[in-house]
Amino acid sequence: LHNLLAHDRVTALMQTPIETLVQSYIKTSSAYKAYGASTHHLKVQGLEGYPLAQFLRMIARKHNGRVWVVCPTEDSAKDLLKDSNLEKKNQTTMQTQLGMQEMQCIYLSGNGRKLYSPFVGDNVEYEQINRLSQIREMKRGMVITHLRPFVAPLVDPQTLEDSSLRIRKGQKFDSTAIAEQLSKAGYIHTVSTTTVGEFSLRGEVLDIFPFESEFPYRIYADWDTIGKISIFDPISQETKQHVDQLVISVVDASTKLGTSSMDAYLRDDDLLCFIGDKRLDTSFHSLQLEAKSLYRQAFLEDRDATKPDQLLLDFPRLQESCPHSITVLDISRKGDDVFHFDLEGPRSYFGNFTLLKEDLRSFEKQGWKVTILTENHLQKQRMEQMLQEFTFLNWEMEVSSGGFSIPSLKIIVICEHEIFGRRRQVVKTLQHTQSTPLDSFVDLNEGDYVVHVNYGVGQFIKIDRVSSFDRERDF
């Protein structure tokens with residue numbers, strides 16, 4: 001009977017989704033139990049990746065207010081968003097209808113520019129302004145961001161209020177007034193709305209494609225009031241979702257913007273989560289150096305330019321004074337106020353299937369639950385075929401920044417990109433330039449820089465006629 005019960009427990013463990021297992025592990029942790037009960041300031045270590053994302057989501061549901069998650073870099077913030085399974089939801093539209101079990105999450109990105117840069121009104125800046133508008137109205141939920149937008153100057157709340165066009169169901173439908181506001185903000189009146197920055201009016205139907213949105217909106221008039229607002233696909237014209245309101249930022253380059261720090265958006269009941277104490281310190285120091293180096297040019301252009309020590313939010317002071325905080329430590333240390341999680345980071349095989357199979361045999365022998373995450377169904381089928389001898393493996397289709405293991409529970413998660421080789425991180429610059437492949441060398445001028453498909457960056461000098469293998473060709 002004892003062996004039968006033990007077998008049933010092992011079977012149940014093998015069939016349980018990894019999300020449920022991780023959440024169960026977190027719920028039994030002393031850190032999760034302590035927050036809100038005995039302390040509002042936690043220091044934790046051993047958390048990263050997917051388990052960290054689950055911990056923060058569970059804390060956000062537990063906390064009666066907003067939860068701000070501050071990461072040291074943009075890449076780490078996007079990885080956390082991915083591990084929270086919220087990446088796609090935050091790439092869609094500005095207004096989303098959330099189910100009862102879902103939690104509102106907003107990703108606050110940077111404006112894509114250096115410090116002291118003026119407002120130019122591009123899509124990235126519009127997106128940040130829209131996110132700030134959403135954050136102001138949010139009562140509960142999670143805000144994921146990184147240090148640069150958190151400490152850099154922002155558009156102040158009053159400017160947002162004065163420059164927002166709000167369209168709600170049931171309000172008066174004044175198409176002329178709406179069109180005038182959109183035109184002043186740089187929107188183009190067209191016959192049909194297909195691209196960002198366009199709007200069109202056809203009888204009692206108004207289409208708007210906001211600068212900061214992935215999809216356009218369609219407003220239907222019911223006599224003289226707004227009867228319905230929907231999000232639609234500009235190509236198929238298919239309705240994707242119905243919403244109750246639409247908020248559009250009508251700021252343009254001529255608008256006089258008031259600026260403030262993040263202090264203006266924070267509330268007393270907000271919980272601030274600092275991910276990586278040492279990395280955050282290093283990132284803040286880098287931003288201070290950037291401010292000092294750019295101040296001279298800014299002062300030459302404007303004698304009233306803000307001094308470097310006043311430009312950035314006093315991040316160390318905020319960390320010390322905020323009423324609710326969770327700090328994830330970079331370096332392991334002992335202390336009565338530090339909560340430890342029994343977790344280990346991802347494994348990498350770099351395409352070495354011999355090593356992978358040796359590890360899998362060892363895990364099977366020791367009774368570990370091994371879950372492999374794949375990003376799509378075809379990849380799952382391919383890998384099941386390659387590892388068909390290991391019938392104990394569990395397969396889940398999830399996108400995660402990396403695997404992990406919980407030794408105390410004998411649980412390990414491996415991502416497909418860790419098996420075939422680490423996903424290459426592309427370093428993004430502050431500004432992006434759109435480029436296309438060349439149709440002909442006629443398009444090149446001497447001295448132009450080019451990117452060769454095989455050899456990388458080079459410089460075009462000239463075309464020369466060269467004999468090769470008894471044939472003359474242009475090189």
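No hydrogens, no waters, no symmetry mates; every other heavy atom, side chains included, goes into these values.
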Side-chain heavy atoms of Ile412 within contact of Asp359, under 4.5 Å
no

Quick one, Met383 and Ile419 - any side-chain contact, counting heavy atoms below 4.5 Å?
yes

With a 4.0 Å cut-off on N to O distance, would you call Arg382 and Glu416 a salt bridge?
no

Over 60° means perpendicular and under 30° means parallel, so classify the ring planes of Phe390 and Phe392, tilted if in between.
perpendicular

For Tyr107 versus Ala77, what's the shortest heavy-atom pair and its separation?
CE1-CB, 3.9 Å

Distance-only, no hydrogens or angles: does the Lys410 side chain make a donor-acceptor pair with backbone N or O of Gln366 under 3.5 Å?
yes

Taking atom CG of Leu409 and atom CG of Asp342, what is their separation to the nearest 0.5 Å?
7.5 Å

Any Tyr217 side-chain heavy atom under 4.5 Å of Ile248 side chain
no

Can you tell me if Glu396 uses its side chain to pair, donor with acceptor, with the backbone of Ile18 under 3.5 Å?
yes

Could you please spell out the steps behind the side-chain contact (heavy atoms from CB on, under 4.5 Å) verdict for Thr259 and Asp156?
CA-CA 5 Å; Thr259 59; Asp156 68 13; 5.9 Å; no

Taking side chain as C-beta onward, heavy atoms only, is Arg148 less than 4.5 Å from Leu115?
yes

Are Leu56 and Ile275 side-chain neighbours, meaning at least one heavy-atom pair lies under 4.5 Å?
yes

Verify, without hydrogens or angle tests, whether Thr282 (side chain) and Lys278 (backbone) share a donor-acceptor contact under 3.5 angstrom.
yes

Checking Glu418 side chain against Gly403 main chain: does a donor-acceptor pair fall under 3.5 Å?
yes

Sub-3.5 Å donor-acceptor pair from the side chain of Ser213 to the main-chain atoms of Phe215, do we have one?
yes

Is it true that a side-chain atom of Thr145 and a backbone atom of Leu108 form a donor plus acceptor pair closer than 3.5 Å?
yes

With sequence neighbours left out, what residues match Asp268 under salt bridge (Lys or Arg N to Asp or Glu O under 4.0 Å)?
none

Residues, nucleotides or ligands: over 12 heavy atoms within 6.0 Å of Arg296 CZ
no

Taking Arg347 for the side chain and Ile414 for the main chain, is one N or O donor matched with an acceptor at less than 3.5 Å?
no

Hey, mind stepping through Lys365 and Arg361 against side-chain contact (heavy atoms from CB on, under 4.5 Å) and telling me if it holds?
CA-CA 6 Å; Lys365 185 176 180 180; Arg361 292 189 187 97; over 6 Å; no

Gln104 side chain reached by Arg66 side chain, heavy atoms, under 4.5 Å
no

Regarding Glu214 and Lys240, does a basic nitrogen lie under 4.0 Å from an acidic carboxylate oxygen?
no

Interatomic spacing from CG in Asn130 to OG in Ser164 - rounded to 0.5 Å:
8.5 Å

Between side-chain atoms of residues 308-322 and protein atoms elsewhere (two or more places apart, or another chain), which donor-acceptor pairs fall under 3.5 Å?
from   : atom 1 : to     : atom 2 : distance (Å)
Asp314 : OD1    : Arg317 : N      : 3.3
Arg317 : NH2    : Asp263 : OD2    : 3.1
Ser321 : OG     : Arg317 : O      : 2.9

Which atom of Thr159 lies closest to which atom of Gly258, heavy atoms considered
OG1-N, 3.1 Å

Would you say the side-chain atoms of Lys369 pair up with the backbone N or O of Thr16, donor to acceptor, closer than 3.5 Å?
yes

Step by step, work out the side-chain contact (heavy atoms from CB on, under 4.5 Å) result for Glu358 and Thr354.
CA-CA 6 Å; Glu358 288 177 357; Thr354 301; 3.9 Å; yes

If we count only N and O atoms by modelled type, under 3.5 Å, do the side chains of His41 and Ser325 hold a donor and an acceptor together?
yes

Just how far is it from atom CG of Asp270 to atom CD1 of Ile135, taken to the nearest 0.5 Å?
10.0 Å

Point-to-point distance, once rounded to the nearest 0.5 Å, from OG of Ser109 to CZ of Arg131
7.0 Å

For Met397 and Lys380, the nearest pair of non-hydrogen atoms, with its separation, is CG-CD, 4.1 Å

Please assess Leu387 against Ile372 for the test side-chain contact (heavy atoms from CB on, under 4.5 Å), listing each intermediate value before the final yes or no.
CA-CA 11 Å; Leu387 300 173; Ile372 297 181; 3.9 Å; yes

For residues Gly49 and Ser401, report the shortest heavy-atom separation together with the two atoms involved.
CA-OG, 4.4 Å

Got a donor-acceptor contact below 3.5 angstrom from the Gln45 side chain to the His340 backbone?
no

side-chain contact (heavy atoms from CB on, under 4.5 Å) involving Ala264 - partner list, sequence neighbours excluded
Pro157, Ser260

In terms of relative ring orientation, are Phe404 and Tyr50 parallel, tilted or perpendicular, with 30° and 60° separating the classes?
parallel

Min side-chain heavy-atom separation Arg166-Val247 under 4.5 Å
yes

Within the side chain of Tyr187, is there an N or O that forms a donor-acceptor pair under 3.5 Å with the backbone of Gln181?
no

State, to 0.1 Å, how close Leu154 and Gln128 come at their nearest heavy-atom pair, and which atoms those are.
CD2-NE2, 3.9 Å

Partners of Arg168 by salt bridge (Lys or Arg N to Asp or Glu O under 4.0 Å), sequence neighbours excluded?
none

Here the side chain to side chain donor-acceptor pair (under 3.5 Å) pairs for residues 24-35, sequence neighbours left out, are Tyr35-His63

Going by salt bridge (Lys or Arg N to Asp or Glu O under 4.0 Å), name the residues that satisfy it together with Lys357, two or more places apart in sequence or in a different chain.
Glu389

Counting only heavy atoms not in Lys62, do more than 12 sit closer than 6.0 Å to its NZ atom?
yes

Working to the nearest 0.5 Å, report the span between CG of Leu246 and CG of Leu165.
7.0 Å

Are Val151 and Met262 packed together at the side-chain level, in the sense that at least one heavy-atom pair is separated by less than 4.5 angstrom?
no

Could you tell me which non-hydrogen atom of Pro234 sits nearest to which non-hydrogen atom of Pro216, and how far apart they are?
CD-CD, 3.6 Å

Using 0.5 Å steps for rounding, measure from the NE2 atom of His324 to the CG atom of Leu272.
9.0 Å

Is any NZ, NE, NH1 or NH2 atom of the basic residue among Lys43 and Asp277 found under 4.0 Å from an Asp or Glu carboxylate oxygen of the other?
no

Phe353 vs Phe420 aromatic rings, parallel, tilted or perpendicular, using cut-offs 30° and 60°?
tilted

